[in-house]
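All chains are named by letter (A, B, ...) in the order of the sequence lines, taking the proteins before the strands, and each is independently numbered beginning at 1. Below, all heavy atoms of this structure are taken into account, side chains as well, without hydrogens, waters or symmetry copies.
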Protein chains: 4
Amino acid sequence: MSNQKLKVAIVGASGFTGSELARLLLNHEGVSIEMITSESHVGKPFSDLHPQFVDRLDIPLVSAEEVNKQNLDVIFLALPHGVSMDFVAKWKDSGAKIIDLSGDFRLSTKEVYEEWYNKKHSYPEGFAMAVYGLPELFADKIKSASLVANPGCFPTASILSMAPLFAKQLIEEKSLIIDAKSGLTGAGIKASATTHFSNVNENFKAYGIAGHRHTIEIEEQLGGLAGSHTTVQFTPHLLPVDRGILVTAYAKIKGEMNQEKLTEIYREFYQDKPFVRLRNQSPGIKDVRGSHFCDVFPVWDARTERVIVVSAIDNLLKGAASQAVHNMNLMFGLSEAEGLNQVPLKP
Amino acid sequence: MSNQKLKVAIVGASGFTGSELARLLLNHEGVSIEMITSESHVGKPFSDLHPQFVDRLDIPLVSAEEVNKQNLDVIFLALPHGVSMDFVAKWKDSGAKIIDLSGDFRLSTKEVYEEWYNKKHSYPEGFAMAVYGLPELFADKIKSASLVANPGCFPTASILSMAPLFAKQLIEEKSLIIDAKSGLTGAGIKASATTHFSNVNENFKAYGIAGHRHTIEIEEQLGGLAGSHTTVQFTPHLLPVDRGILVTAYAKIKGEMNQEKLTEIYREFYQDKPFVRLRNQSPGIKDVRGSHFCDVFPVWDARTERVIVVSAIDNLLKGAASQAVHNMNLMFGLSEAEGLNQVPLKP
Amino acid sequence: MSNQKLKVAIVGASGFTGSELARLLLNHEGVSIEMITSESHVGKPFSDLHPQFVDRLDIPLVSAEEVNKQNLDVIFLALPHGVSMDFVAKWKDSGAKIIDLSGDFRLSTKEVYEEWYNKKHSYPEGFAMAVYGLPELFADKIKSASLVANPGCFPTASILSMAPLFAKQLIEEKSLIIDAKSGLTGAGIKASATTHFSNVNENFKAYGIAGHRHTIEIEEQLGGLAGSHTTVQFTPHLLPVDRGILVTAYAKIKGEMNQEKLTEIYREFYQDKPFVRLRNQSPGIKDVRGSHFCDVFPVWDARTERVIVVSAIDNLLKGAASQAVHNMNLMFGLSEAEGLNQVPLKP
Amino acid sequence: MSNQKLKVAIVGASGFTGSELARLLLNHEGVSIEMITSESHVGKPFSDLHPQFVDRLDIPLVSAEEVNKQNLDVIFLALPHGVSMDFVAKWKDSGAKIIDLSGDFRLSTKEVYEEWYNKKHSYPEGFAMAVYGLPELFADKIKSASLVANPGCFPTASILSMAPLFAKQLIEEKSLIIDAKSGLTGAGIKASATTHFSNVNENFKAYGIAGHRHTIEIEEQLGGLAGSHTTVQFTPHLLPVDRGILVTAYAKIKGEMNQEKLTEIYREFYQDKPFVRLRNQSPGIKDVRGSHFCDVFPVWDARTERVIVVSAIDNLLKGAASQAVHNMNLMFGLSEAEGLNQVPLKP
């Protein structure tokens, strides 16, 4: 019944994750979108910012101040890094559970955060509260969390590509190289030289070589799985497409390996994970576009004695908005797959 | 309950309309996909042809011969022009209603068909049976039809751009020019020079100038609305995108016109049509991508005394698969919008 | 010999026309690039702004103040509309000939300019001086000009598509409709929502319907050719490609017409114009990309009694930079084709 | 003078390398294109196959039989792998020098070829004759060669990214991983599911994991430089762009390294190589599009103790056609840069 629906707020309407959250939640049967906030567009219909919603979601945007005045069940923070932390501090006792899509609580400690994000953290108490919201690894913790740090897009694809091997402590330390490629929406909605069509279209380049902040997020999570420190070489690249991340991961294995054994390790690890698809051919990002799937394809190269794993996600969905909805489903005891049944949009 | 679901078959699995039908029907609560046929891939999982369906729709493809052996409610024909007609002839008395997505029964008569399609029609009796499946114009007839001819993609966008003015007999004869632009999926899944990436990407061109067969389909429908013969200049162009049709239509008006009056005519005509959105700014094809919407934007140019109407659809959905589902909903008394609630995928 | 080379300055380094001018002039044997100006990047190597020039053109950018201090032969103004006019006023007696790539002197009078550009013109005396730099129509005047107004990109493609018929006064007044499509570089290098990759990629839309300022430029030129006032319906659209304009022009003809006659009119008009190619099939924008060609394809539709002409150019070249070089060649008595021999880059 | 120009034939007109060779040679002052062959299009103008050449190169295509009847200086073989070998055998004593753009003579021996290409080699004597045509490494040998094996596109970018370090024997064996990305033209002009627009556009995927035949070409060349056997992990990916290869190479270094030292090694190695540009920021493929440049950007990651080198080329030019012209210039004592002065086309 309608009055039993979860009451949700989306804080931060202007970006891609805000609009994708709205798209998913609008067709989620267990949810009612109570408000969407935007400080710079108060009073405007949401569909003015995102015309795909005309006639479907025309509610006026409100100030984040309104969040306090409602009995909400969930607050999604679709805000830039460095902005979420203040809202978490403010709303932590509001009675609503918080799912933060920024990077503010993904790392282990204030110190690590400040080193890699190069800014002060204003609410370090949050690190202890926050659960890393990768359902394939931490479903139990997520179920009882009141604050979930929704993983980064690159880390989601990267961790899922290698988790089965790290969980079995099979990866040689310092051998992991993650060559990652992302669609342009990963760079956000802000107009800049980086996002100008003529710099992206028919182009392709690496960026953040040797220092991208998603590196530490991947290292912490994979290291945690293996129970030991892990060093990762991570290089992101910018693809001339809207959506999609493809990760090509290379690593050396401890002990004997062959293709059959490798496939079996992955099959077993992901057997009851409905949104990870173990593929038997090299997946493309379009195979998962518009969906919550992560496609994974592990290959053993006997010649070089190296494992190569390709994984593909939609960076705005499994890498952001649908992962947040998945977390919400877990946090409130809903069916895990509710609202996440989209078949990828291809072509 | 499951046993009350409509039993459907999709005949023709390999193309884009077949896969899009499957995508929509899979999440349609009133439907059960009983079989998908493909003569060249019998026995293969459907997801082998369309990997976006891995783990979601892996049923083996069957021969069209299987259609006869089942008690089906609906048969969707997702076949090339010239192929559907034989299946309609064969299955017309099977008890199942037929929705044909090809061009075989869209025109008025065998003679017109043979002139514009330049091939013999093997089942001319079908023209009398077939209802033109454009729900915004013919919902009542569709409700009682046993054979629906699903409109062409260009005609759908073209007719909806001009229907309100033709219905009021406001358009000067011979003045209508439709400059139409389509994404590449309109050219089909077959590999050819036309569909080779390097001929499409960063390119744009007109084709079928002065003789495209969608011309007559538009002329018959708009002429029918106005109650008089209509001549249309129709020029299609090929866009370097996957999906989407944008139509820019130009026409001279009989009598006085102004912007306010023009907007009001459209508002009134489409007021209870949930999938036509009257826009107040120029729509892009991405505003409707992945959805059943047709966005319409009429402009009065007082300087040239001409009306210019822009309309946008997703050619694979409102121009094909979702229109077919809409027709099915009407034919079986389901809620008109069942299974068609997708918000456009943007970006 | 080097000391006989024309000394040129490019004023305005940051945009696309500035960099394309530099690219063409660098390989032009009759020219020496003396300076490139940019007020906001003084001292930086040109190749810092446009990395394609690394090792080829690393000269430091200078202030426009430097223009006065040199004996220049040609000054190219690659500046925004409204900015060029002041520099023309300032440098008109400098001894250098000026080729202005902005819209500041393309129209006939101050009044027309101010109506359509909606801003004051600070140097109206320039209108009498300026020659409209479309070599196919005005080569003789260009040869003796000291100020050339380089045509707009849309007007270049539009005028060349219809000039042979207007020159023969064959077009019915008010019947001409120009449906034009441009690549994104036509919107300039400035970062904005309009130029953000995610708004352009996989998208397509019309803009400036019924009021784009290129309308009047086309009307004045085609009207001038015919010797009578001309009204044009002009609608631009934005293509998800970097470069290229395709124009689809529709018009009614006075008197009898057929395909053979139509082709002959075009053949004759363009027979000694080396950069207009009369095509016998529908041209794509990629057929001319990276070149100075304008491809033209006229079709007679006997059914609708209308002429349809498709034309294609590279908006940054024939629509801007290479046209400017062509004008320079004419103004200085060089070979018309010097530096303009590039074969289109395809694929 | 015209009669001193080199007489060249291009054998194989239909593909991308054939048309790109024609484009470069047409504007090369030391060359006269005597004939272009195509067995399936004899008699058709070359510009019918490649409309960018209309009015520029309309010569009729001839059969390869005609090659024997002329006194040619150079024969370019723009043919598929496995086809060139027979023509080399046939024309080796014709007096013309041969530049083979296929893979038929790139490897060291018949045995290696047959293992990696999985087909019989019909002219194994050619391996001893052939010089590997990478001018940055083998200019001297190329100068006196009568048969040049033009390098593969991936190997060109890969080898140039790592040559300075292998030449100094600084790379740890088995540590080199090359993650390579290519535009679609690398897949050739043949229409197939692989080259269908809808499978490429907005998509990205890896292919040939662990077994691509360019692996051995890279291993042989880099191993040769170092004077020892080398194992390379090579993974190609398909980019949704027409042109361009970007290589991201990762390797472990023997001994101490730092950024300054690394940059210096590259600076020194490439100091007199006019077409390799040592960049100080991450290059994109568009920075080199349409040009003969290879941009190289080496990075030392002190944290992971690994070198990461990014290199970018235009696969159809530095990876094929312009490299062939460069080889021709060397073989005939022309200026190294003749006909290769194109500034990259950007945007």
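Of the listed residues (D:N27, D:D55, D:D287), the greatest number of heavy-atom pairs within a distance under 4.5 Å of chain C belongs to D:N27.
Between C:K346 and D:P51 there is a side-chain heavy-atom pair separated by less than 4.5 Å.
A donor-acceptor pair is defined here as one N or O able to donate and one able to accept, closer than 3.5 Å; such a pair exists between the side chain of C:R56 and the backbone of D:N341. Panel note: side chain D:R277, backbone C:V54; a donor-acceptor pair is recorded below 3.5 Å.
Of the charged side-chain nitrogens involved, at least one lies within less than 4.0 Å of a carboxylate oxygen, so that D:D242 and C:K286 count as a salt-bridged pair.
Screening C:Q342, C:Q52, C:E20 against D:L345 for a side chain to side chain contact (heavy atoms under 4.5 Å, CB included) leaves a single residue, C:E20.
Looking at D:F53, both its backbone and its side chain come within 4.5 Å of chain C, counting heavy atoms on both sides. Proximity to chain C is limited to the side chain of D:L316, based on heavy atoms less than 4.5 angstrom apart.
Remark: the C:N201 side chain and the D:E202 side chain contain an N/O donor-acceptor pair separated by less than 3.5 Å.
Here the closest non-hydrogen pair linking C:R243 and D:P347 is NE-O, 2.7 Å.
The number of heavy atoms from other shown groups lying within 6.0 Å of CD (D:Q271) is above 12.
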